[in-house]
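Dumping the structure here so I can ask a few things about it.
Per chain, numbering begins at 1; letters A, B, ... match sequence-line order. Note that the structure is predicted; figures quoted are calculated from it, not measured.
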Protein chains: 2
Amino acid sequence: MTPQPRTLDHPDRSEIRLEAVLHALSDPVRLQVVRFLADNGESSCSAIDLAVSKSTTTHHFRVLREAGVIRQVYRGTAKMSSLRREDLDALFPGLLDTVVHAYDAQAARPS
Amino acid sequence: MTPQPRTLDHPDRSEIRLEAVLHALSDPVRLQVVRFLADNGESSCSAIDLAVSKSTTTHHFRVLREAGVIRQVYRGTAKMSSLRREDLDALFPGLLDTVVHAYDAQAARPS
DNA sequence: AACGTACTACGAAGGTTATCGTACAAAAGC
DNA sequence: GCTTTTGTACGATAACCTTCGTAGTACGTT
């Protein structure tokens, strides 16, 4: 009825759990998102070319947000996502960088 | 029939996948196991006091083994588990230490 | 051989996840 | 106001995960 400002729930820094972060990072699609954001900074959901449908994309972004890995804000019709690097680095020093590096190492692996 | 030597399947180093490792680490019980093994080295399944049944314990150890996080060998009636530190460090440098450190940081967090 | 210890295999229940299609909503621009 | 762009909500499905109890196997000890 009353047009709600579109807001999104984010966990406080103190609510971010290691298990939830690791689980959020344990999916190939979500890892790809994190890898992209680590390089490109704040991006819209559609800026990343994922091999899943739009509704599935929404799902994965929500998992990342609810785990505290990314922050999302509306900007016009777009929804911009960025890594919560400060929060994650404060809570779990080195984790994000290590995982991103591990992702690259795996991608470079001779299959 | 013919008494099989009890063997356990482990992925080769080259078969270890980051997603599987992160998933294995995203469970509180399994994190507790990894934390224990990081300090205590090779241990039997029953050396760690987990708040789950024996069959559930078996399940979690299997997930860790199949992901390539631990190695398990039979030693008499006991089954000894240890971290595959060399393999993990070679594939994903720093990941294990970072996760263990993050686990400790979270445990020390003022709730 | 009998017993105890340590762990496994199986099957099941209950919950969660990943995926999708369809229909909808909010904002920007025409 | 209409259209396009961008993303959401909902419902469904199929797969998976965690958990357990029960029954069983392998090994060492007596």
Item to check | Length of the line joining B:Met80:CE and D:dA26:P, which is rounded to integer Å | outcome: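 The answer, rounded to whole Å, is 21 Å.
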
Checklist entry - D:dT18 P sits how many Å from A:Glu19 CD, rounded? => result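 A:Glu19 atom CD is separated from D:dT18 atom P by 13 Å.
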
Checklist entry - Which part of the nucleic acid, if any, lies within contact of B:Thr57, taking any heavy atom under 4.0 Å across all strands shown: a base, the sugar-phosphate backbone alone, or nothing? => result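 Here B:Thr57 touches no strand at all.
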
Item to check | Proximity to the side chain of B:His23 - top-ranked nucleotide from C:dC7, D:dG7, D:dC17 | outcome: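 Within the option list, the nearest is D:dC17.
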
Item to check | Side-chain heavy-atom pair A:Leu83, A:Glu42 within 4.5 angstrom cut-off | outcome: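 Contact flag for A:Leu83/A:Glu42 side chains = no.
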
Checklist entry - Among D:dG7, D:dT19, D:dC17, which nucleotide sits nearest the side chain of B:Val29? => result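 Closest of the options to the side chain of B:Val29: D:dT19.
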
Checklist entry - Roughly how many Å is it from CG in B:Leu8 to P in C:dC7, rounded to a whole number? => result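 It works out to 12 Å between those atoms.
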
Next on the checklist: For a quick check of understanding: with a heavy-atom distance under 4.0 Å over all strands, which category does A:Ser55 fall into, base, sugar-phosphate or nothing?
Outcome noted: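 The residue A:Ser55 makes base contact.
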
Item to check | Criterion salt bridge (Lys or Arg N to Asp or Glu O under 4.0 Å) on A:Arg109 and A:Asp104, from CA distance to verdict | outcome: CA-CA 9 Å; A:Arg109 229 148 93 188; A:Asp104 290 343; over 6 Å; no

Next on the checklist: Classify B:Phe61 by what it touches in the nucleic acid, base, sugar-phosphate, or nothing, heavy-atom distance under 4.0 Å.
Outcome noted: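 Contact class for B:Phe61: none.
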
Next on the checklist: OP1 or OP2 of C:dC20 versus the side-chain N and O atoms of A:Thr56: is any pair under 4.0 Å?
Outcome noted: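 Checking C:dC20 against A:Thr56, a side-chain N or O does come within under 4.0 Å of OP1 or OP2.
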
Item to check | Integer-rounded Å distance: C:dA18 P and A:Leu25 CG | outcome: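 Going from A:Leu25 (CG) to C:dA18 (P), I get 12 Å.
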
Checklist entry - Of the non-hydrogen atoms in A:Arg13 and A:Ala90, which two are nearest, and what is the gap between them? => result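 Taking A:Arg13 first and A:Ala90 second, the nearest heavy atoms are NH1-CB, 3.3 Å.
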
Next on the checklist: I need the CG-P distance between A:Asp27 and C:dT16, as an integer number of Å.
Outcome noted: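 Roughly 18 Å, once rounded to whole Å.
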
Checklist entry - Rounded to the Å, how far apart are A:His60 NE2 and C:dT17 P? => result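 Distance check: A:His60 NE2 to C:dT17 P gives 12 Å.
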
Checklist entry - Which residue lies toward the 5' end of DNA chain C, B:Arg62 or A:Val63, if each is placed at its nearest nucleotide? => result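 This one resolves to B:Arg62.
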
Checklist entry - Between C:dC7 and B:Ser46, is there an OP1 or OP2 to side-chain N/O distance shorter than 4.0 Å? => result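 Answer is yes, contact under 4.0 Å.
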
Checklist entry - Is the distance from OP1 or OP2 of C:dC20 to the nearest side-chain N or O of A:Ser53 less than 4.0 Å? => result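 It does, given that an N or O in the side chain of A:Ser53 lies less than 4.0 Å from OP1 or OP2 of C:dC20.
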
Checklist entry - Rounded to the Å, how far apart are B:Ile48 CD1 and C:dC7 P? => result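 So the CD1-P distance, B:Ile48 to C:dC7, works out to 10 Å.
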
Next on the checklist: Taking any heavy-atom pair under 4.0 Å as a contact, classify B:His59: base, sugar-phosphate, or nothing.
Outcome noted: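 Here B:His59 touches the bases of the nucleic acid.
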
Item to check | Residue among A:Val21, A:Val29, A:Val34, A:Asp27 satisfying side chain to side chain contact (heavy atoms under 4.5 Å, CB included) with A:Leu64 | outcome: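 Checked A:Val21, A:Val29, A:Val34, A:Asp27 against A:Leu64; only one passes side chain to side chain contact (heavy atoms under 4.5 Å, CB included): A:Val34.
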
Item to check | Donor-acceptor pair (no angle test) under 3.5 Å: B:Thr77 side chain, D:dG28 base | outcome: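 Under the 3.5 Å cut-off, the side chain and the base do not form any donor-acceptor pair.
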
Next on the checklist: Between the base of D:dG7 and the side chain of A:Thr58, is one N or O donor paired with an acceptor at under 3.5 angstrom?
Outcome noted: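 No.
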
Item to check | Within-4.5 Å side-chain heavy-atom neighbours: B:Leu91 and B:Arg84 | outcome: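 Sidechains of B:Arg84 and B:Leu91: no contact.
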
Checklist entry - Are B:Arg30 and D:dT18 close enough that a side-chain N or O sits under 4.0 Å from OP1 or OP2? => result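 Checking D:dT18 against B:Arg30, a side-chain N or O does come within under 4.0 Å of OP1 or OP2.
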
Next on the checklist: Is there a side-chain contact (heavy atoms from CB on, under 4.5 Å) between A:His10 and A:Gln72? Walk through the geometry before answering.
Outcome noted: CA-CA 8 Å; A:His10 292 81; A:Gln72 297 188 287; 4.2 Å; yes

Next on the checklist: Of the options D:dT19, D:dT6, D:dT18, whose atoms approach the side-chain atoms of B:Val52 most closely?
Outcome noted: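 The closest nucleotide is D:dT19.
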
Item to check | Separation of C:dC7 C1' from B:Gln72 CD (nearest whole Å) | outcome: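 For the pair B:Gln72 CD and C:dC7 C1', the rounded distance is 10 Å.
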
